[in-house]
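First listed ligand is number 1; within each ligand, the first listed atom is number 1.
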Amino acid sequence: MLRIILFGAPGAGKGTISGILEKKYNYKKISTGDLIRDEVRSNSIIGEKVRSVIDKGELVSDDIIIEIVKKRITSEYISEGYIMDGFPRTIIQAKELSKMVADREVAIYLKVEDEKVIINRLLSRVICNNCGAIFNAKNKPPKKEGICDICGGILEKRTDDNEGAIRERLRVYREITEPIINYYEDKGVLNRVDASISVREVLKKIGEILN
Ligand SMILES: [Zn+2]
């Protein structure tokens with residue numbers, strides 16, 4: 001069982017890339033963003049707790065995230081492999097993830113140097129409220145405005161995709177998440193991919209890494 005860890009700044013394309021890899025290789029995508037939104041939507045106790053944190057553009061605590069992820073990473077749910085999207089975000093999470101089931105681990109760092117690229121991408125992003133598919137008014141518009149091409153669901157902006165919250169997420173990302181680059185580098189499983197280029201080029205590079 002292969003574990004792929006996709007990480008990079010908000011807006012680097014983790015959701016889009018992991019969605020395509022899931023279909024292409026038959027791996028399970030484990031997006032903490034999706035898992036959290038499911039919890040919030042179901043009004044679970046955890047969901048209520050995380051709602052206020054997300055709306056402020058802050059990160060959900062390690063304990064809560066780890067609990068949510070552990071529920072999902074089980075050999076009954078996963079056979080070929082799984083792709084982590086949005087997790088780990090901290091060293092503590094990375095160490096916890098290392099204890100979870102996998103035979104082989106590949107970390108892929110989607111690198112975007114220019115912050116303006118990230119902010120513009122996130123400001124024009126919309127997400128299906130039913131299946132979680134991501135569209136972008138500029139780069140990847142849906143066929144019909146406001147409607148998901150895949151399932152017909154309604155496309156919505158995330159409440160935290162506004163400039164203030166995005167800048168706060170980038171600041172937190174640099175402070176907390178960037179050290180995990182070193183963690184995976186030390187483990188010898190890190191691959192850097194320039195994610196400011198087209199999705200097609202990024203996928204080609206990732207294909208080479210996985211082969
Ligand atoms: Zn959809």
Here the side chain to side chain donor-acceptor pair (under 3.5 Å) pairs for residues 198-211, sequence neighbours left out, are none
Under a side-chain separation threshold of 4.5 Å, the hydrophobic residues clustered together with Leu155 are Val126, Phe135
Item to complete: Begin from the C-alpha positions of Met100 and Arg3 and carry the test side-chain contact (heavy atoms from CB on, under 4.5 Å) through to its verdict.
Response: CA-CA 10 Å; Met100 296 181 209; Arg3 169 164 63 229; 4.2 Å; yes
Exercise. Name the orientation class of the two ring planes belonging to Tyr184 and Phe7 (parallel below 30°, tilted from 30 to 60°, perpendicular beyond 60°).
Key: tilted
Under a side-chain separation threshold of 4.5 Å, the hydrophobic residues clustered together with Leu6 are Leu2, Ile4, Ile17, Ile20, Leu21, Tyr25, Tyr27, Ile83, Val106, Ile108, Leu110, Val193, Ile197, Val199, Val202, Leu203, Ile206, Ile209, Leu210
Answer yes if the side chains of Lys187 and Ser98 hold a donor-acceptor pair under 3.5 Å, and no otherwise.
yes
Near the Zn ion (ligand 1), meaning under 2.8 Å, the protein N/O/S atoms are Cys128 SG, Cys131 SG, Cys148 SG, Cys151 SG
